[in-house]
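These numbers come from a predicted model, not from an experiment. Note: hydrogens, waters and symmetry copies are ignored here, and every other heavy atom, side chains too, is used.
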Amino acid sequence: MSTYESDPLRLPELLSASVKVAAEEMEAGRDLPEKLIQELRDSGAFRLLTPRELGGFEAPLETVLKVYEGFGRLDASVAWVVWNTNWGFLAALLGEAGNARIWADGPDPIFANADHPGTAVVTEGGYRLSGTWKRVSGVDRADWLVVVAVVAEDGSPRLTQAGTPDVRLFALSRDQLSLLDTGDVGGMLGSVSNTVVVDDVLVPEELVARFDVPARTQRPLQHGFIPALVFPGCSAVVLGVAQSAVDEIVTLARSRSTFTGDTLAESARAQTTVARSEAALQAARLLLLSAAATVDAAGDDGEPATLDQRAALHAAMCHATEASREVLTAMYELGGAASTDHGNPVERHFRDGMVALQHASHFAPFLEAAGRVRFGFDPGVPLF
């Protein structure tokens, strides 16, 4: 495989065979095999949002979501790690000194990230950072961890000029982390979602990024809304997983007999359920991509995405969540006893998809926040 694919949309197709070969090893070893990680890295799967001058695609959000969905159709764990690894946009928030450290060895540093805030105290040359972050996907394979932390001063959160807590992103190298093997989850076993502990670690100023100032690089991808480059990725992944569950049921139904002696594929129930499910997924997919395209268009115009546009993106994410959960459940039920067999693709898609749907970005408060915006209220959710 070429070490640089010019079209990111082709990545799932190019890596399909490798992902399928690694499937059982991921389940048994609770990790992505090193060979697959290297293929993902070499192909450019970890540089979708990295600026072009650092060797990245700097692809529009709509394109990136299509890539995540494509990987979701192959394997949820792989898609999840690809999504979590794509933090190359951080380069647009850091200065040249920080970028020189992170990208010193080339265009493909592997990132992990965590959003629950830790605490950072100002010190000479930077900040002393402490915190514990659970379920950090892909952290065992990461070169760098990016975490959210609140800057503290005199024992209390420091406030910005806007009167809000001073929340920043902190990039830590692998040798600054303590890892706890706590990733014993029921699905997406290859995502290696372990716990990270950081105890009073020095993070230099050049590896700290702010949310409340414009990105250093002012191009379309950075204009729209930086957090939007992260949030909807999990929704694209679960849409892909749910579609694969439908595909597997269609294959299973052609050979599975019912009590009448006909195949499951010949039953009106199966036909109606599959048609309804695919229509629901396609509608949810188009809505999510349309909302992402609107954010991209704002960036193309050199404008930040409006609050209404961001609310529409979150609403589309929540809709994708509901559609995917309903489809996964419908396919699991349609598969009957076969869906309970360990190793059956439907069983794995259901298990992986349900775990993915537990991500905080899929929670109901985000839909409520979108509704609040529609009524003219503050969303009440940070970084909405």
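- We find the SG-CZ distance between Cys318 and Phe363 to be 11.0 Å, quoted to the nearest 0.5 Å.
- Two residues are said to be in side-chain contact when any heavy atoms from C-beta on lie closer than 4.5 Å; Arg168 and Phe170 meet this criterion.
- Note that CG of Asp352 and CG of Leu189 are 7.0 Å apart. Values are rounded to the nearest 0.5 Å.
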Residue pair Ser18, Glu39: steps toward the side-chain hydrogen bond (donor to acceptor under 3.5 Å, both in side chains) verdict: CA-CA 8 Å; Ser18 297; Glu39 287 189 66; 2.7 Å; yes
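- Using a distance-only test at 3.5 Å, with no hydrogens or angles considered, a donor-acceptor pair links the side chain of Arg174 to the main chain of Asp140.
- Taking the side chain as every heavy atom from C-beta outward, Pro51 and Arg219 approach each other to under 4.5 Å.
- The line from OG of Ser244 to CG of Asp75 is 9.0 Å long, rounded to the nearest 0.5 Å.
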field: Glu278 and Gln243: CA distance, side-chain angles, deciding distance, side-chain hydrogen bond (donor to acceptor under 3.5 Å, both in side chains) verdict
entry: CA-CA 7 Å; Glu278 290 208 302; Gln243 180 61 56; 2.9 Å; yes
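- Between Glu58 and Arg47, every side-chain heavy-atom pair lies at or beyond the 4.5 Å cut-off.
- For the atom pair CZ (Arg210) and CG (Asp166), the distance works out to 6.5 Å, reported to the nearest 0.5 Å.
- Looking only at distances, a side-chain donor or acceptor of Arg41 sits under 3.5 Å from a matching main-chain atom of Asp108.
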query: Between Leu289 and Glu69, is a side chain to side chain contact (heavy atoms under 4.5 Å, CB included) present by the stated rule, with each step listed?
result: CA-CA 11 Å; Leu289 294 178; Glu69 188 205 9; 5.7 Å; no
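- Connection of Val167 to Val121 is not established within any shared hydrophobic cluster, with ILVMFWY side chains joined at heavy-atom distances below 4.5 Å, either directly or through further cluster members.
- Although no hydrogens or angles enter the test, the distance criterion places no donor-acceptor pair under 3.5 Å between the side chain of Asp301 and the main chain of Glu303.
- In the hydrophobic clustering (ILVMFWY side chains linked at under 4.5 Å, chained through shared members), Phe225 stands by itself.
- Taking Arg372 as the reference, nothing meets the salt bridge (charged side-chain N to carboxylate O under 4.0 Å, His left out) condition, with sequence neighbours excluded.
- Evaluation of the ring pair (Phe, Tyr, Trp, His ring centres under 6.0 Å) test over residues 338-358, restricted to residues two or more places apart or in two chains, returns Tyr332-Phe350.
- A salt bridge is absent between Asp308 and Arg310; no separation between the charged side-chain nitrogens and carboxylate oxygens falls under 4.0 Å.
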query: Stepwise, does the side chain to side chain contact (heavy atoms under 4.5 Å, CB included) test hold for Leu11 with Phe71?
result: CA-CA 8 Å; Leu11 292 175; Phe71 278 113; 4.0 Å; yes
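- A side-chain donor-acceptor contact under 3.5 Å links Asn86 to the backbone of Val82.
- A donor-acceptor contact shorter than 3.5 Å is absent between the side chain of Ser16 and the backbone of Pro12.
- Of the candidates Thr85, Asp31, Val81, Leu40, Arg141 forms a side-chain contact (heavy atoms from CB on, under 4.5 Å) with just one, namely Asp31.
- Side-chain atoms of Trp87 never come within 3.5 Å of backbone atoms of Thr50 as a donor-acceptor pair (strictly under, hydrogens ignored).
- Every residue meeting the salt bridge (charged side-chain N to carboxylate O under 4.0 Å, His left out) condition with Asp200, not counting sequence neighbours, appears here in chain and number order: Arg128.
- A heavy-atom distance below 4.5 Å is not found between the side chains of Leu129 and Thr119.
- Membership of the apolar cluster around Phe384 extends to Leu307, Phe366, Val373, Val381, as traced through chained side-chain contacts below 4.5 Å between ILVMFWY residues.
- You'll find the side chain of Val147 stays beyond 4.5 Å of the side chain of Asp115, heavy atoms only.
- A heavy-atom distance below 4.5 Å is found between the side chains of Tyr127 and Val208.
- Listed for the Ser77 side chain is a donor-acceptor partner under 3.5 Å among the backbone atoms of Gly190.
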query: side chain to side chain contact (heavy atoms under 4.5 Å, CB included) between Leu357 and Met354: does it pass, once the steps are laid out?
result: CA-CA 5 Å; Leu357 286 166; Met354 286 301 178; 4.1 Å; yes
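- Side-chain contact check for Asp300 versus His223: every heavy-atom pair is 4.5 Å or farther apart.
- A distance of 12.0 Å separates OG1 in Thr132 from NE2 in His116, rounded to the nearest 0.5 Å.
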With a 3.5 Å cut-off and sequence neighbours excluded, list the donor-acceptor pairs that the side chains of residues 94-103 form with protein atoms.
unit_1: Asn99; atom_1: ND2; unit_2: Ala91; atom_2: O; d: 3.0
unit_1: Arg101; atom_1: NH1; unit_2: Glu206; atom_2: OE2; d: 3.2

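- For the atom pair CD (Glu53) and OG1 (Thr217), the distance works out to 5.5 Å, reported to the nearest 0.5 Å.
- For Thr63 (side chain) and Ala59 (main-chain N/O), no donor-acceptor pair under 3.5 Å exists by modelled atom type.
- The backbone N or O of Arg348 lies less than 3.5 Å from no partner atom in the side chain of Glu27, so there is not a single donor-acceptor pair.
- The side-chain heavy atoms of Ile226 and Leu221, taken from C-beta on, include no pair separated by under 4.5 Å.
- Cluster annotation: Leu288 and Leu286 are assigned to distinct hydrophobic clusters (Ile/Leu/Val/Met/Phe/Trp/Tyr, side-chain heavy-atom contacts under 4.5 Å, transitive).
- Under the 3.5 Å distance criterion, the side-chain polar atoms of Asn344 are matched with a main-chain donor or acceptor of Ala338.
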